[in-house]
Amino acid sequence: MQIPDSKIAVTLYNLRAHCQSESDLAATLEKVAGMGYKAVQVSGVPLEAEVIRKQLDAFGLYCCATHENLATISGDPKVIIDKLQTLGCDFAALGSPGGDIDASSMDKAVELAEIFKRQGDILGEAGIKLGYHNHAFEFTHIAGTRKTMLETIMDMTVGHNVYSELDVHWVTRGGGSPAAWIRKLAGRISVIHFKDFVLVDKQPVFCEIGEGNLDWPEILKACEETNVRWYSIEQDREFPGRDIFDSVKISIDNLRSWGVK
């Protein structure tokens with residue numbers, strides 16, 4: 001499929017409960033396309049790549065990225081290469097390193113960086129970019145330093161086809177500035193996760209883009225300045241009392257109201 005003239009995508013992880021079978025995926029993608037989305041990130045969909053591609057083509061949707069687990073990222077690169085070539089996609093990111101990791105450990109940061117350096121170089125030869133998707137814990141300082149785990153991993157992988165799939169929600173929850181990090185990683189973000197949150201009863205709750213507390217004008221300005229290609233909308237859970245399909249519609253409508261294509 002031809003790459004669409006749009007920056008907005010939706011992460012299917014949002015809609016994972018509605019993507020568990022081929023028929024459910026078809027119904028979900030039909031709804032997503034009807035909202036005006038032209039691209040998706042494949043995540044949380046337990047179907048073969050051939051099945052997913054058939055459904056994407058049926059509804060005119062482009063796959064801008066996938067999420068893979070650490071076992072897949074660190075394993076035989078051919079698995080990712082075959083999957084992404086089937087999907088017509090050039091970007092795969094680690095969804096999460098998984099488990100309880102010691103984010104203050106230099107050893108852990110080095111371990112992850114070495115995996116990404118090795119696999120990033122191989123995937124790059126096949127035209128695939130390898131990304132690291134952050135949560136809040138990567139903003140822990142490495143013991144004995146003033147550098148965060150994320151900063152350490154990204155610094156150690158310069159020049160090895162390793163990108164950041166920066167998640168602006170988790171940057172904020174980790175105590176960082178999304179716009180500052182976007183600029184810090186300029187040239188290394190082709191896909192970014194847009195995610196918002198609001199306080200409910202003093203607790204952070206996932207919500208739609210523009211319905212929460214993030215500084216979207218500054219985030220969008222930084223993305224434009226650094227030529228971020230894809231804005232992938234992610235909302236991990238439903239906002240209380242609201243259907244998740246309504247939420248992903250609110251998010252794209254809000255972005256479009258700000259002039260984002």
Taking a hydrophobic cluster as the set of Ile, Leu, Val, Met, Phe, Trp and Tyr residues connected by side-chain heavy atoms closer than 4.5 Å, whether directly or through intermediates, do M156 and I115 fall within one such cluster? yes
Within a strict 4.5 Å, meaning less than it, do heavy atoms of the V171 and F139 side chains meet? yes
For H160, does its backbone N or O pair with a side-chain atom of T157 as donor and acceptor, under 3.5 Å? no
Between S251 (side chain) and V248 (backbone), is there a donor-acceptor pair under 3.5 Å? no
Given the ring of F245, does K31 sit roughly above its face, with NZ or CZ under 6.0 Å from the centre of the six-membered ring and within 45° of the axis? yes
Ring centres of H67 and H193 under 6.0 Å apart? yes
Got a donor-acceptor contact below 3.5 angstrom from the T11 side chain to the I233 backbone? yes
Does any non-hydrogen side-chain atom of F91 lie less than 4.5 Å from one of S232? no
Enclosure of D243 CG (heavy-atom neighbours >12, cutoff 6.0 Å): yes
Hey, quick one: are L87 and V40 part of the same hydrophobic cluster, counting side-chain heavy atoms closer than 4.5 Å, chains of contacts allowed? yes
Audit row: W181, N134, side chain to side chain donor-acceptor pair (under 3.5 Å) steps and yes/no: CA-CA 12 Å; W181 272 91; N134 66 277; over 6 Å; no
Among L94, D167, V191, find the residue that satisfies the side chain to side chain contact (heavy atoms under 4.5 Å, CB included) test when tested with H133. D167
Nearest 0.5 angstrom please: C19 SG to L47 CG, how far? 8.0 Å
What's the spacing between Y163 OH and L185 CG if we round to 0.5 Å? 12.5 Å
Are I122 and L112 grouped together when hydrophobic residues (ILVMFWY) are joined by side-chain heavy atoms under 4.5 angstrom apart? no
Derivation of the side-chain contact (heavy atoms from CB on, under 4.5 Å) call for V205 and F197: CA-CA 5 Å; V205 174; F197 73 96; 6.0 Å; no
Given S247 and E238, is the side-chain contact (heavy atoms from CB on, under 4.5 Å) satisfied, shown in steps? CA-CA 8 Å; S247 289; E238 296 89 345; 5.9 Å; no
Does Q203 offer a backbone N or O that forms a donor-acceptor pair with the side chain of D201 under 3.5 Å? no
Taking all atoms of both residues into account, what is the closest heavy-atom pair of F239 and C207, and its distance? CD1-CB, 3.8 Å
Do V158 and R188 touch side chain to side chain, with heavy atoms closer than 4.5 Å? yes
R242 pairs by side-chain hydrogen bond (donor to acceptor under 3.5 Å, both in side chains) with which of E208, Q235, E211? E208
Do D196 and W216 meet the criterion of a side-chain donor-acceptor pair at a distance under 3.5 Å? yes
Pairwise distance CD(Q85) to CD1(I80) - rounded to 0.5 angstrom: 12.0 Å
Taken to the nearest 0.5 Å, the spacing of E138 CD from Y132 OH works out to 3.5 Å
Would you name the heavy atoms of I73 and A93 that are closest together and state the gap between them? CD1-C, 4.4 Å
Applying side-chain contact (heavy atoms from CB on, under 4.5 Å) to K184 and E151, what does each step give before you reach the verdict? CA-CA 10 Å; K184 178 181 180 65; E151 184 177 14; 3.1 Å; yes
Side-chain (R256) to main-chain (G36) donor-acceptor, under 3.5 angstrom: yes
Grab the two heavy atoms, one from N213 and one from V198, that are nearest each other, plus how far apart they are. ND2-CA, 3.6 Å
Under the side-chain contact (heavy atoms from CB on, under 4.5 Å) criterion, do M106 and I142 qualify, and how do the steps go? CA-CA 6 Å; M106 178 62 79; I142 298 293; 3.6 Å; yes
Between Q41 and E234, a side-chain donor and acceptor under 3.5 Å: no
Check: T172 and D215 side chains under 4.5 Å, non-hydrogen atoms: no
Say whether, by atom type as modelled, one donor and one acceptor occur between the side chain of R173 and the main chain of W170 under 3.5 angstrom. no
Would you confirm whether N14, through its side chain, and R237, through its main-chain N or O, come within 3.5 Å as a donor-acceptor pair? no
Looking only at side chains, do D107 and S105 share a donor and an acceptor under 3.5 Å apart? no
If I take atom CG from residue L130 and atom CG from residue L123, how far apart are they, to the nearest 0.5 angstrom? 5.5 Å
Of all the heavy-atom pairs spanning G98 and I101, show the shortest one and how long it is. O-CG2, 3.4 Å
Do any N or O atoms from the side chain of K83 and from the backbone of E48 form a donor-acceptor pair under 3.5 angstrom? no
What I'd like to find out is whether the side chain of T148 reaches to under 4.5 Å of the side chain of T140, using heavy atoms alone. no
Distance in Å, K261 NZ paired with K38 NZ, rounded so as to fall on 0.5 Å steps: 8.0 Å
Co-membership, hydrophobic cluster, residues V79 and V42, 4.5 Å side-chain: no
Identify whether L25 and Y13 are in the same connected component of the hydrophobic contact network (ILVMFWY, side-chain heavy atoms under 4.5 Å). no
Output field: ring centroids W230/F194 closer than 6.0 Å: no
Please name the pair of heavy atoms, one in C89 and one in C64, separated by the smallest distance, quoted to 0.1 Å. SG-C, 3.6 Å
Using side-chain heavy atoms (C-beta onward) and a distance below 4.5 Å, is V10 in contact with Y231? no
Can you tell if the side chain of L12 reaches within under 4.5 Å of the side chain of S43, non-hydrogen atoms only? no
Donor-acceptor check, side chain of Q119 to backbone of G75, threshold 3.5 angstrom: yes or no? yes
With distance as the sole test, does T28 use its side chain to make a donor-acceptor pair with the main-chain N or O of H18 at under 3.5 Å? yes
What pair of heavy atoms forms the shortest contact from V228 to K7, and how long is it? O-NZ, 2.9 Å
Does D57 come within less than 4.0 Å of R53, counting only side-chain N to carboxylate O? yes
If we only count heavy atoms from C-beta on, is the K221 to R183 side-chain gap below 4.5 Å? yes
